[in-house]
Amino acid sequence: MNYPEELKDVIRKLHGVDATHVKSVPVKETFQGQTVWDGIVEVFELKGHPEARRAYAWTHETDDPKKPRRSVTVLHIAPITSPVLAVRAAIVQELKSLGTEESAEEA
């Protein structure tokens, strides 16, 4: 199974709809001169989703040896209307979840 097919399976499992691969978009996101994300976002058309007509998806490496790769999907729902905005939203969500974990560890 190729990479877009793997991501289509992830979209089906997470969002309950079929997807068609449309294109691959390179995205490089920087913050204060540092690259915080650099990769390819796969764009999919969704079939039958009640809110979104597209989804953005990618996989990245993790530091967890039990799960060395993690797939991310972001639905095309305003204000998320492009691959770049999908990456930004995923970064913000990940930072929020890390902040929550760190707060829990400190308590």
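- Annotation: side chain of Val17 is not in contact with side chain of Lys47 (no heavy-atom distance under 4.5 Å).
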| query | What's the verdict on side chain to side chain contact (heavy atoms under 4.5 Å, CB included) for Phe31 and Trp37, showing C-alpha distance, side-chain angles and the deciding distance? | reply | CA-CA 9 Å; Phe31 181 72; Trp37 197 88; over 6 Å; no
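- Using a 4.0 Å cut-off between charged nitrogen and carboxylate oxygen, Arg70 and Glu94 count as a salt-bridge pair.
- His60 NE2 to Ser71 OG: the interatomic distance, rounded to the nearest 0.5 Å, is 8.5 Å.
- Rounded to the nearest 0.5 Å, atoms CD (Glu51) and CG (Leu75) are 7.5 Å apart.
- Sorted by first and then second residue, the side chain to side chain donor-acceptor pair (under 3.5 Å) pairs with a member in residues 72-84 read His15-Thr73, Tyr56-His76; sequence neighbours excluded.
- Going from atom OH of Tyr3 over to atom NZ of Lys8 covers 14.5 Å, rounded to the nearest 0.5 Å.
- At least one donor-acceptor pair closer than 3.5 Å links the side chain of Thr62 to the backbone N or O of Lys67.
- As a member of the Ile/Leu/Val/Met/Phe/Trp/Tyr network built from side-chain separations under 4.5 Å, Val10 groups with Leu14.
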| Which is it for Val36 and Ile91 under the side chain to side chain contact (heavy atoms under 4.5 Å, CB included) test, yes or no, and what are the steps along the way? | CA-CA 9 Å; Val36 293; Ile91 291 169; 4.0 Å; yes
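- In this structure the side chain of Val22 never reaches within 4.5 angstrom of the side chain of Phe44, judged on heavy atoms.
- Closest approach of Leu85 and Pro79 over heavy atoms only: CD1-O, 3.4 Å.
- Between Trp58 and Ala90, the shortest heavy-atom distance links the atoms CZ2-CB, 3.6 Å.
- Looking at Asp18 and Arg12, a side-chain N of the basic residue comes within less than 4.0 Å of a carboxylate O on the acidic one, giving a salt bridge.
- Here Ile40 contributes atom CD1 and Glu42 contributes atom CD; the two are 7.0 Å apart, rounded to the nearest 0.5 Å.
- Looking at heavy atoms from C-beta onward, Glu29 lies in side-chain contact with Val84 at the 4.5 angstrom threshold.
- The nearest pair of heavy atoms linking His49 to Leu46 is CB-CD1, 4.0 Å.
- Side chain to side chain, Glu45 and Thr20 fail the donor-acceptor criterion of an N or O pair below 3.5 Å.
- Annotation: side chain of Ser24 is not in contact with side chain of Val41 (no heavy-atom distance under 4.5 Å).
- Residues Thr35 and Thr30 bring no donor and acceptor atom of their side chains to less than 3.5 Å of each other.
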